[in-house]
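Reckoned from all heavy atoms, side chains included, excluding hydrogens, waters and symmetry mates.
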Amino acid sequence: MGKVIAIANQKGGVGKTTTAINVAASMAATKRKVLLIDLDPQGNATMGSGVDKYGVASTVYELLIEEQPIEEVIIQSPTGKYDLIAANGDVTAAEIKLMEVFARELRLRNSLQPVRDKYDFIFIDCPPSLNQLTVNAMAAADSVLVPMQCEYFALEGLTALLDTIQKLASVVNPDLRVEGVLRTMYDPRNRLANDVSEQLKRHFGEQVYRTVIPRNVRLAEAPSFGAPAMYYEKSSTGAKAYLALAGEILRRERKVQTA
């Protein structure tokens, strides 16, 4: 069965959606079969995948609330070479309606069952808050990838997020674990960034990816062209960094399987 990785951080603006789009595209470039689920009502992962969020026939709303078969909700990213479940403003209503549904935290997990064995990796782009949509992602996921900037408040928020993941695991998903902590928007010339980076490695050890995502203009520009960075400017440092991250995730996975 495919591995399900939720990409989450309660803090906004940490490169979460950028990571979701680019790690999905990078994995697909390694000939893995990939599904990206946009669980954020802003629909940025959808638009960044080259899909008009206003023009899609079905979104995560139809999947979670109307229980439309997942095969009918999946579309293909025309620019990323991976499959996609889109999101738009309708998904805001899904969060409200989920409150009225029995076993609401398991809706996404149950919906994924028919297709899990068709994919090598399923990535979920979570909203920047701990709501019913994020809880659904955590219940469905095998692990959580946490993107974060190397700044003081981000470090403080990471501790709270990891505590939340631990609590959710005890309630909805005992097998949930941290996949890794990813340093994003990294500027090696910034002394604070270097200090926080060292603290991260000291406190979280092997959970911190060796790969670092730099501040990069091409990464910031690519979503406005509806494409992952590797198809917008493959020679950019941002595109190369996400390819390196995909390689590191695969190596870790092989190591776990061997063990």
Which ring-ring contact (aromatic ring centres under 6.0 Å, His included) pairs, counting each pair once, include a residue from residues 207-249, with sequence neighbours left out?
F225-Y232
Can you get from I37 to L106 by hopping between Ile, Leu, Val, Met, Phe, Trp and Tyr side chains that sit under 4.5 Å apart?
no
May I have the step-by-step check of side-chain contact (heavy atoms from CB on, under 4.5 Å) for L243 and M230, ending in yes or no?
CA-CA 8 Å; L243 277 169; M230 65 179 299; 4.1 Å; yes
Those residues that, when tested against D117, pass salt bridge (Lys or Arg N to Asp or Glu O under 4.0 Å) (two or more places apart):
none
Rounding to 0.5 Å, atoms CD1 (I70) and OG (S111) come to a distance of 6.0 Å
So do I249 and M27 actually touch side chain to side chain, heavy atoms under 4.5 Å?
yes
side-chain contact (heavy atoms from CB on, under 4.5 Å) between R107 and E67, intermediate numbers included
CA-CA 9 Å; R107 274 295 174 104; E67 297 186 278; 3.5 Å; yes
Can you list the steps and then say if E233 with S235 is a side chain to side chain donor-acceptor pair (under 3.5 Å)?
CA-CA 6 Å; E233 182 57 77; S235 62; 2.8 Å; yes
What verdict does the side-chain contact (heavy atoms from CB on, under 4.5 Å) test give for D83 and I75, after you've listed the backbone C-alpha separation in whole Å, the side-chain angles of each residue and the deciding distance to 0.1 Å?
CA-CA 6 Å; D83 287 348; I75 57 177; over 6 Å; no
When every non-hydrogen atom of N22 is compared with those of T18, the smallest separation belongs to ND2-O, 2.7 Å
Side-chain heavy atoms of I124 within contact of I7, under 4.5 Å:
no
Rounded distance [0.5 Å steps], OG in S170 versus CD1 in I165
12.0 Å
Verify the cluster assignment for V212 and L219: are they in a single hydrophobic cluster under the rule of side-chain heavy atoms below 4.5 Å apart?
no
Sub-4.5 Å side-chain heavy-atom contact between F204 and L158
yes
Starting from V73, can I reach I122 by hopping between I/L/V/M/F/W/Y residues whose side chains sit under 4.5 Å apart?
yes
Between CG on residue D90 and NZ on residue K53, distance to nearest 0.5 Å:
11.0 Å
Quick check for you: to the nearest 0.5 Å, what is the distance between R109 atom CZ and M138 atom CE?
13.5 Å
N173 side-chain N/O to A169 backbone N/O, donor-acceptor pair under 3.5 Å
no
Ignoring hydrogens and angles, tell me if any N or O in the side chain of N194 forms a donor-acceptor pair with the backbone of N190 under 3.5 Å.
yes
Selection residues 4-14 - residue pairs positive for side chain to side chain donor-acceptor pair (under 3.5 Å), sequence neighbours left out
K11-E151
Check this for me: does any side-chain nitrogen of one of E248 and R210 sit under 4.0 Å from a carboxylate oxygen of the other?
no
With no hydrogens and no angle check, is any side-chain donor or acceptor of S26 less than 3.5 Å from a backbone partner on A246?
no
On a heavy-atom basis, which atom in L36 and which in A24 lie closest, and how many Å separate them?
CB-CB, 4.3 Å
Specify the closest pair of heavy atoms between S49 and P78, including all atoms of both residues, with the distance to one decimal.
O-CD, 3.4 Å
So do D40 and D38 actually touch side chain to side chain, heavy atoms under 4.5 Å?
yes
Report yes if some heavy atom in the side chain of M99 is under 4.5 Å from a heavy atom in the side chain of Q132; otherwise report no.
yes
For atom CD of E71, is the number of surrounding heavy atoms from other residues, nucleotides or ligands below 6.0 Å larger than 12?
yes
Just how far is it from atom CG of L245 to atom OG1 of T19, taken to the nearest 0.5 Å?
7.5 Å
Are the side chain of R32 and the backbone N or O of T30 linked by a donor-acceptor pair below 3.5 Å?
yes
Is it the case that the side chain of T17 and the backbone of A45 share a donor-acceptor pair, with hydrogens and angles ignored and the cut-off at 3.5 Å?
no
Can you tell me if S197 uses its side chain to pair, donor with acceptor, with the backbone of A193 under 3.5 Å?
no
Apply salt bridge (charged side-chain N to carboxylate O under 4.0 Å, His left out) to residues K16 and D125 and explain how you reach the verdict.
CA-CA 7 Å; K16 182 173 52 59; D125 183 31; 3.3 Å; yes
V217 side chain reached by E221 side chain, heavy atoms, under 4.5 Å
yes
Inspect the surroundings of CD in Q199 and state if more than 12 heavy atoms from other residues, nucleotides or ligands are less than 6.0 Å away.
yes
Less than 4.5 Å apart, any side-chain heavy atom of I213 and any of R183?
no
Checking side-chain contact (heavy atoms from CB on, under 4.5 Å) for the pair K33/K118: CA distance, chi angles, key distance, verdict?
CA-CA 7 Å; K33 183 73 172 168; K118 297 179 182 178; 5.7 Å; no
N/O donor-acceptor pairs under 3.5 Å from side chains in residues 139-150, not counting sequence neighbours:
residue	atom	partner	partner atom	Å
D142	OD2	V4	N	2.8
D142	OD2	R116	NH2	3.0
S143	OG	E179	OE1	2.6

Main chain of Y82, side chain of S77: is a donor-acceptor contact present, judged purely on distance under 3.5 Å?
no
Any heavy-atom pair between the side chains of N136 and L98 that's under 4.5 Å?
yes
Using the test ring pair (Phe, Tyr, Trp, His ring centres under 6.0 Å), find all partners of F121 that sit at least two apart in sequence or belong to another chain.
F123
In terms of heavy-atom contacts, does NZ of K97 have more than 12 from other residues, nucleotides or ligands at under 6.0 Å?
no
For P127 and T134 the tightest heavy-atom approach is CD-OG1, 3.6 Å
What pair of heavy atoms forms the shortest contact from P114 to N110, and how long is it?
CD-O, 3.8 Å
Do L192 and L200 belong to the same hydrophobic cluster, where Ile, Leu, Val, Met, Phe, Trp and Tyr are linked whenever their side-chain heavy atoms lie under 4.5 Å apart, directly or via other members?
yes
Can you see which heavy atom on T237 is nearest to which on P214, and at what distance?
OG1-CG, 3.8 Å
Residues 56-64, side-chain donor-acceptor partners within the protein, below 3.5 Å, at least two apart:
residue	atom	partner	partner atom	Å
S58	OG	Q68	OE1	3.2
S58	OG	Q68	NE2	3.1
T59	OG1	Y61	N	3.1
T59	OG1	E62	OE1	3.0
E62	OE1	T59	N	2.7

Is L168 reachable from L161 through a run of hydrophobic residues whose side-chain heavy atoms are each under 4.5 Å from the next?
yes
